[in-house]
2 protein chains.
Amino acid sequence: MDDASTPVRRKRGPARRLDEDRVVDAALEVLDRGGPGALGIRAVAARLGVRPNALYTYVADRAALERAVAERVLSLADTAMLTAPGRRWRERLTDYAVSMRTTLLSHPGAAPLLMTAPMDGPTAVAIGELLMATLEDAGLSAEEAARATYLLIVQVVGSVTLEVVETDGRAPLAGEDDRIAARRGAMGDVDPAVLPHTAAAVDVMASWIGGEQYRWAIDAVLDGIATRATTPDDGA
Amino acid sequence: MDDASTPVRRKRGPARRLDEDRVVDAALEVLDRGGPGALGIRAVAARLGVRPNALYTYVADRAALERAVAERVLSLADTAMLTAPGRRWRERLTDYAVSMRTTLLSHPGAAPLLMTAPMDGPTAVAIGELLMATLEDAGLSAEEAARATYLLIVQVVGSVTLEVVETDGRAPLAGEDDRIAARRGAMGDVDPAVLPHTAAAVDVMASWIGGEQYRWAIDAVLDGIATRATTPDDGA
DNA sequence: ACCTGAACACCGTTCAAGT
DNA sequence: ACCTGAACACCGTTCAAGT
């Protein structure tokens with residue numbers, strides 16, 4: 001079921017032709033199969049059927065490879081939601097945040113890279129531009145829109161990274177219910193006499209890594225942002 | 001100026017006595033001097049004047065060492081602010097958030113460890129307990145308090161980690177103004193014709209890694225949380 | 001119980017050499 | 001221009017041995 005524009009795309013073959021896109025493709029595959037710890041120059045080279053030092057024609061070093069992977073993953077989330085006509089600014093931001101989580105969770109090993117490498121690539125900038133535009137639709141000033149944009153970025157990337165770090169980071173991730181149950185089990189019993197609030201909330205804390213928590217947090221953040229907006233709920 | 005309870009504490013000496021605390025001390029020193037990339041079994045052993053494999057008596061492996069360092073750094077922030085009598089819940093949370101940032105920035109290399117290793121140690125749990133108690137003072141239900149707690153944790157740890165990742169991570173960090181100026185310089189010029197919002201907000205974006213942005217974000221988050229509180233502003 | 005010596009299987013990165 | 005061969009200086013971790 002290959003796309004027509006992707007001629008053959010063999011798994012590991014004798015290296016038909018190399019270019020940066022193919023290197024990043026391979027890096028993402030290594031990440032998906034082996035988790036965050038598996039990514040490395042030698043592993044990617046092996047997957048391409050090539051010697052490790054061959055990669056240095058396309059990538060400056062390991063850090064540059066990681067940045068390229070981070071950019072690639074960001075580009076997989078569809079920004080069309082941010083410009084969807086007829087939808088309110090708040091719905092657009094919520095949709096995009098949820099969709100970004102789904103995208104990142106489908107390449108869990110890549111999520112920590114977003115926190116490790118500075119995101120200054122063209123894709124990251126383009127996303128920032130669209131987020132600021134959406135927040136100005138809400139009636140925020142340019143400065144407030146920029147600050148709110150970063151608040152949202154921190155929340156989205158931070159949540160998903162912490163969520164992934166509790167797994168082995170290989171795709172596909174276990175189902176959310178299973179991951180929450182495993183986390184609940186690892187927490188064991190809490191003595192209500194010494195940690196009353198923790199003991200009472202242990203089930204909710206187990207679900208910190210889930211979609212419901214994610215939605216709750218984004219919602220609260222958007223409420224806080226809405227406080228600063230002049231177009232409370234029905235902006236363009 | 002050594003504390004009386006710290007007998008001699010030499011820098012690297014012939015290893016007077018080893019225990020887990022001294023190992024974590026050394027790890028934190030390695031981190032402060034060399035940044036996140038410097039931390040490792042061999043580097044810590046060298047700092048203690050001991051062979052690498054000697055560490056395995058006190059720490060299971062590298063991952064356990066990193067978790068121990070993360071726990072240590074968390075314990076350096078003073079939780080007394082969360083229980084300060086006579087102060088409103090919102091002031092207590094703001095004070096603690098600001099103080100946690102200061103603590104983490106004083107050991108910048110350790111900040112990324114909080115995002116990389118699951119935080120399930122006793123210190124992390126104790127902080128969670130106090131945060132939940134404070135948020136219940138605000139009138140949140142147990143479930144809401146737990147969800148708001150995680151929202152705050154993600155925001156604090158996420159912000160500081162992204163802030164540190166743009167530096168070399170060695171202590172002491174350059175002054176905030178210098179770091180913002182350097183970031184502004186790295187962003188270069190942006191064409192207003194293609195990225196109008198980005199071009200207009202470039203100075204604010206440079207300051208994303210600063211204390212003003214941090215405060216703005218925490219404030220917005222607390223506004224969102226306050227929406228769900230029954231004790232709007234003058235809780236116990 | 002705690003530390004060393006020695007070794008293992010890895011890393012990222014370089015440089016000269018081939019084609 | 002692009003890839004290989006070979007080597008460099010590293011890693012984390014193990015195991016047997018010493019004391």
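Reminder, nothing fancy here: chain letters follow the sequence lines and each chain counts from 1.
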**Request:** Considering only NZ, NE, NH1 and NH2 on the basic side and carboxylate oxygens on the acidic side, decide whether B:E166 and B:R183 come within less than 4.0 Å.
**Result:** yes
**Message:** Do the side chains of A:E66 and A:R72 get close enough for a salt bridge, i.e. N-O under 4.0 angstrom?
**Reply:** no
Please report, to 0.1 Å, the donor-acceptor pairs under 3.5 Å made by any side chain of residues 117-127 of chain B, with sequence neighbours excluded.
{"from": "B:T123", "atom 1": "OG1", "to": "B:E71", "atom 2": "OE1", "distance (Å)": "2.9"}

**Complete:** Applying side chain to side chain contact (heavy atoms under 4.5 Å, CB included) to A:A64 and not counting sequence neighbours gives A:V59, A:A60, A:D61, A:R67
Roughly how many Å is it from [atom1] in [X] to [atom2] in [N], rounded to a whole number?
X: A:I41; N: C:dG12; atom1: CD1; atom2: P; result: 6 Å
X: A:D61; N: C:dT14; atom1: CG; atom2: P; result: 8 Å
X: B:E20; N: C:dA1; atom1: CD; atom2: C1'; result: 16 Å
X: A:L55; N: D:dC3; atom1: CG; atom2: C1'; result: 11 Å
X: B:L18; N: C:dC3; atom1: CG; atom2: C1'; result: 9 Å

Which nucleotide sits closest to the side chain of [X]: [options]?
X: A:A54; options: C:dC3, D:dT4, C:dT13; answer: D:dT4
X: A:V50; options: C:dT13, C:dC3, D:dC3; answer: D:dC3
X: B:R42; options: D:dC11, D:dC3, C:dT13; answer: D:dC11
X: A:Y58; options: C:dT14, D:dC2, D:dT13; answer: D:dC2

**Message:** With a cut-off of less than 4.0 Å, is there a side-chain N or O of B:Y56 near OP1 or OP2 of C:dC3?
**Reply:** no
**Fill in**
Dot-bracket assigned to DNA chain D with the 3.5 Å Watson-Crick/G-U criterion, [ ] for crossing and | for other-strand pairs, is ||.|||||...|||||.||
**Message:** Using the side-chain hydrogen bond (donor to acceptor under 3.5 Å, both in side chains) criterion, which residues pair with A:D78? Sequence neighbours excluded.
**Reply:** none
**Message:** Applying side-chain hydrogen bond (donor to acceptor under 3.5 Å, both in side chains), can you list everything that pairs with A:E20, at least two apart in sequence or on another chain?
**Reply:** none
**Message:** Counting the atoms with a prime plus P, OP1 and OP2 as sugar-phosphate, which does B:R51 contact under 4.0 Å by heavy atoms, base, sugar-phosphate, or nothing?
**Reply:** sugar-phosphate
Show the atom names and distances, to 0.1 Å, of all donor-acceptor pairs under 3.5 Å that link a side chain in residues 193-203 of chain B to residues at least two apart or in another chain.
{"from": "B:H197", "atom 1": "ND1", "to": "A:E129", "atom 2": "OE2", "distance (Å)": "3.2"}
{"from": "B:T198", "atom 1": "OG1", "to": "A:E129", "atom 2": "OE1", "distance (Å)": "2.5"}
{"from": "B:D203", "atom 1": "OD1", "to": "B:R184", "atom 2": "NE", "distance (Å)": "3.1"}

